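As the structure is a computational prediction, the values presented were derived from the model and not from experiment.
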Amino acid sequence: MARASLPILIAFLIAFGGNTAHAVFPESGDSEIERPPIYYSGIKAIEDGDYAKGLEIMQSFVDEDPQDADAWALIGFSLRKTKRYVDSEHAYQKALEADPKNLAANAYAAKLYLETGRVQEAEQKLVVLGELCAGGKGCEERERLAGMIEAYKKTGKVGADW
């Protein structure tokens with residue numbers, strides 16, 4: 001099987017049929033990893049806003065590969081989008097146990113913290129994203145999160161990104 005670049009695939013899905021209003025996927029922690037087609041079907045379902053289908057697909061994927069941090073991050077994303085915050089946080093924790101530097105899991109967890117009024121925890125993730133940015137990835141996500149935190153502090157509301 002050819003090695004796939006997740007960021008390139010996501011850009012392709014967005015450009016040719018994905019709905020960017022529903023999801024923005026940061027670059028994965030390990031973007032050069034082989035995955036079966038079902039994984040990309042899960043991404044497509046999530047990108048289309050069908051979180052239940054994406055969740056089902058990703059859950060079956062992690063049943064087979066429980067150490068895939070990207071899949072756990074997408075499970076957390078889907079659960080957060082359906083306001084299942086406790087389960088979402090658990091999925092992000094699983095992602096971060098598998099890969100503490102996973103960009104998506106850190107960014108999405110920060111958004112969850114804002115959505116649940118936990119600004120200090122979101123700010124801690126901002127620090128992590130800053131460290132990842134210093135390492136050469138996640139700078140856009142770090143800036144976006146900084147803006148979200150600032151806006152939340154002023155308005156008490158969380159933007160629709162991520």
Side-chain angles (χ1 to χ4, degrees), residues 3-35 39-40 42-51 54-55 58 61 68-83 85 88-89 91-162:
R3 295 178 68 74
S5 174
L6 185 58
I8 292 169
L9 180 65
I10 298 300
F12 177 82
L13 289 174
I14 290 169
F16 298 102
N19 185 345
T20 58
H22 290 292
V24 177
F25 298 108
E27 181 181 326
S28 72
D30 186 0
S31 61
E32 291 294 327
I33 188 169
E34 281 189 40
R35 293 190 174 100
Y39 177 86
Y40 301 103
I43 289 175
K44 178 75 169 107
I46 294 166
E47 193 61 33
D48 288 344
D50 190 347
Y51 303 118
L55 180 59
M58 287 299 170
F61 183 81
D68 191 298
D70 292 329
W72 278 113
L74 290 167
I75 288 170
F77 178 91
S78 297
L79 290 164
R80 182 175 52 80
K81 286 295 198 174
T82 57
K83 309 235 184 282
Y85 296 122
S88 175
E89 186 168 359
Y92 294 142
Q93 288 170 347
K94 294 288 253 180
L96 293 169
E97 286 170 11
D99 178 7
K101 294 180 180 181
N102 185 278
L103 179 57
N106 279 292
Y108 295 158
K111 177 81 183 267
L112 175 127
Y113 296 147
L114 286 178
E115 288 181 14
T116 55
R118 296 163 20 195
V119 178
Q120 285 185 321
E121 288 173 85
E123 290 175 328
Q124 291 170 351
K125 289 298 178 191
L126 183 62
V127 170
V128 172
L129 291 178
E131 292 168 359
L132 292 172
C133 177
K137 68 177 184 176
C139 296
E140 181 181 331
E141 288 80 4
R142 190 228 170 269
E143 292 306 313
R144 184 179 286 170
L145 178 59
M148 283 183 198
I149 291 171
E150 184 178 323
Y152 182 83
K153 287 179 175 181
K154 290 178 182 176
T155 68
K157 295 181 182 178
V158 181
D161 281 356
W162 295 338

Less than 4.5 Å apart, any side-chain heavy atom of [X] and any of [Y]?
{"X": "Lys125", "Y": "Glu121", "answer": "no"}
{"X": "Leu74", "Y": "Tyr39", "answer": "yes"}
{"X": "Phe77", "Y": "Lys111", "answer": "no"}

Once rounded to the nearest 0.5 Å, what's the spacing between atom [atom1] of [X] and atom [atom2] of [Y]?
{"X": "Leu126", "Y": "Leu145", "atom1": "CG", "atom2": "CG", "value": "5.0 Å"}
{"X": "Leu103", "Y": "Lys101", "atom1": "CG", "atom2": "NZ", "value": "12.5 Å"}
{"X": "Tyr152", "Y": "Glu115", "atom1": "OH", "atom2": "CD", "value": "10.0 Å"}

TODO: Scan Glu140, Arg142, Glu141 and name whichever one has a side chain to side chain contact (heavy atoms under 4.5 Å, CB included) with Arg144.
DONE: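 With Arg144 as partner, Glu140, Arg142, Glu141 yield a single side chain to side chain contact (heavy atoms under 4.5 Å, CB included), made by Glu140.
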
Task: Main-chain N/O of Leu79 paired to Ser88 side chain as donor or acceptor, under 3.5 Å - done: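 Flag not set: sc Ser88 to bb Leu79 has no pair under 3.5 Å.
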
Task: Over all atoms of both residues, closest heavy-atom pair of Ile46 and Tyr51 - done: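 Looking at all heavy atoms of both residues, the shortest contact is O-CE2, 3.6 Å.
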
Run the salt-bridge test on [X] and [Y] with the 4.0 Å N-O cut-off and return the result as yes or no.
{"X": "Arg118", "Y": "Glu89", "value": "yes"}
{"X": "Arg35", "Y": "Asp68", "value": "yes"}
{"X": "Glu123", "Y": "Lys153", "value": "yes"}

